[in-house]
Amino acid sequence: MSLLKLKLHWQILIALVLAVLVGLIVGREAGLFGVSFYALFDFVGQLFLNALKMLIVPLIVSSIIVGVSGLGGSEHLGRLGGKTLGYYAMTSLLAILVGLTLANLIQPGVVEGDPSEVFGFSAEAAALQERIGSRDAGDVVEVFLRMIPTNVIEAAADGQMLGLIFFSLLYGFFLARLAEDRGRVQRRFFEGLFEIMMHITDLIMRFAPIGVFALVARTVADTGLEAFGPLALFFLTVTLALATHFLVVLPLLLYFLGGVDPRRHYAAMGAALVTAFSTASSSATLPITLECVEKNAGVSNRTSSFVLPLGATINMDGTALYECVAVLFIAQAYGLELTLGTQFLVVSLALLTSIGVAGIPAASLVAIAVILSAVGLPLEGIGLILAVDRLLDMMRTAVNVFSDSCGAVIIARSEGEHDVLKPRPTVSAPSV
Ligand code: ASP
């Protein structure tokens, strides 16, 4: 059977495995005719990423406007909004608690000998510290200030999703209240816009195996595997915590709150998970998340177009968990015991900042800087985790996206949608 006949998610998975092998073999230098493979992977990966990012603004605007204006009465919107926020806060908190427990049990930062010698500070630490500057809790306030943008076009152009979401929510709410003759054309327009975005997503998805291959091969060629050494235990702790949330906590919620078979949901989300993993960006993955949740999991557009764009921006379980483990790890590496009160502060700040963190690669580093300065730890500590951040970013992004999709399923079921994740002949990647 030709490779192209395989289902898309298999093609993507094969690309992923090949990418790791190729990345390890070629490294940063190898090339052909003066062009390094690394530069080639970087170029192709960037093209794929650009194509996904291109859709974010029109997709968020059209899906939220269509979703909210289709909800009808304000009590309906209030109910759905309440459930969505409640679910997001609950799962992020659960994720943080998983991270907190494992970081305290495993204590990845506690080492024999001088910690700074054992870990060795990354050369980039100083540059990073300069970039992050004197971040403090004021930055968290800043994020929430931007929720209400002074200029919505600027918010869109700058990728300030919270502001764009807020404006689109209001727009959809009042569009539903326009008289039929005035509202009809606009509603049709936004429905059409949304449909076109989904068609373009289909098209981009055909290139996903190539894009995923290039992105992952570039990352592996760049970081290799040596970086891990002393950080192995930290890496393991984060991985274990993410896996617990992904393989235990979320499926239990799917089963008990949603009444669905979690295995079906994993199958439905395959393409979105691999894309999240390779792009390390929940925002860039949003088009594919929407497609998988609607087409494969069978959630109505009404629910998913409200729950998912919000989730891609404010619900980051993997990120919240990572922030917590990273801060505890850094504290341990500096030989500091965090009191229960300080750990509580870390948990609260991880929850808050994970809401404000953008769905882009490495965004949590800034949040970690905020928490470190709030609890009085040196910012330089971030230098410790830089070497393994990218790979962990890929994993936590997949968890972020999966939690959003579980939210869509659970909320859809609670709204009486009976077709969600029902056995059907095709429950795999989007058929493109
Ligand atoms: N890369 C993550 C995301 O897009 C955010 C982060 O944790 O850095 O979901």
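If you're wondering where the values come from, they're calculated on a predicted model, not measured in any experiment. Numbering of ligands and ligand atoms starts at 1, following listing order.
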Colleague: Closer than 4.0 Å to some heavy atom of Ala280 - which atoms of ligand 1 meet that?
Modeller: 1 (N), 4 (O)
Colleague: Which residue supplies the protein heavy atom nearest to atom 1 (N) of ligand 1, what is that atom called, and how far is it?
Modeller: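 For atom 1 (N) of ligand 1, the nearest protein heavy atom comes out as Asp393 OD1, 2.7 Å.
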Colleague: If you have a sec, work out which protein heavy atom is nearest atom 2 (C) of ligand 1 and how many Å separate them, to one decimal?
Modeller: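 Heavy-atom neighbour on the protein nearest atom 2 (C) of ligand 1: Thr397 OG1, 3.3 Å.
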Colleague: Would you tell me whether Glu417 and Thr303 have side-chain atoms, one donor and one acceptor, within less than 3.5 Å of each other?
Modeller: yes
Colleague: Under a 4.0 angstrom heavy-atom cut-off, which atoms of ligand 1 come close to Thr319?
Modeller: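 Reading through ligand 1 atom by atom, the close ones are 5 (C), 6 (C), 7 (O).
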Colleague: With heavy-atom distances below 4.0 Å as the criterion, list the atoms of ligand 1 near Ala362.
Modeller: 8 (O)
Colleague: Under 3.5 Å between any N/O of Met316 and any N/O of ligand 1: does that happen in this structure?
Modeller: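 N/O-N/O distance below 3.5 Å does not exist for this pair.
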Colleague: What protein heavy atom sits nearest atom 3 (C) of ligand 1, and how far away is it?
Modeller: Ser282 OG, 3.1 Å
Colleague: Does the distance from a Lys or Arg side-chain N to an Asp or Glu carboxylate O, for Asp202 and Lys295, drop under 4.0 Å?
Modeller: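 Yes.
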Colleague: Look at the side chain of Gln332 and the backbone N and O of Ala103, then say whether any donor-acceptor pair between them is shorter than 3.5 Å.
Modeller: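 Yes.
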Colleague: Which word best sums up how the rings of Tyr266 and Phe402 line up, parallel for under 30°, tilted for 30 to 60°, or perpendicular for over 60°?
Modeller: parallel
Colleague: When the aromatic ring centroids of Phe207 and Phe48 are compared, is their separation below 6.0 Å?
Modeller: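 No: the rings miss the under 6.0 Å criterion.
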Colleague: Give a yes or no answer on whether the side chain of Ser364 reaches the backbone of Ala367 with a donor-acceptor pair at less than 3.5 Å.
Modeller: no
Colleague: Only heavy atoms of Ala363, strictly under 4.0 Å: list the atoms of ligand 1 that pass.
Modeller: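 Within the 4.0 Å cut-off of Ala363, ligand 1 contributes 6 (C), 8 (O).
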Colleague: Is the backbone of Val307 close enough, under 3.5 Å, to the side chain of Tyr88 for a donor and an acceptor to pair up by distance?
Modeller: yes
Colleague: Report the part of Leu365 in contact with ligand 1, treating N, CA, C, O as backbone and CB onward as side chain, heavy atoms under 4.0 Å; options are side chain, backbone, both, neither.
Modeller: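 Under 4.0 Å from ligand 1, Leu365 contributes no heavy atoms.
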Colleague: Below 4.0 Å, non-hydrogen atoms only: which portion of Ser283 touches ligand 1? Side chain, backbone, both or neither.
Modeller: neither
Colleague: Checking contacts here: is it the side chain or the backbone of Ser364 that comes within 4.0 Å of ligand 1, counting heavy atoms only? Could be both or neither.
Modeller: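 Under 4.0 Å from ligand 1, Ser364 contributes backbone and side-chain atoms.
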Colleague: Once the angle between the rings of Phe41 and Phe37 is folded into 0 to 90°, is it parallel (under 30°), tilted (30 to 60°) or perpendicular (over 60°)?
Modeller: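 Judged by the thresholds at 30° and 60°, the geometry between Phe41 and Phe37 is parallel.
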Colleague: Between Val357 and ligand 1, is there a nitrogen or oxygen pair with a distance under 3.5 Å?
Modeller: no
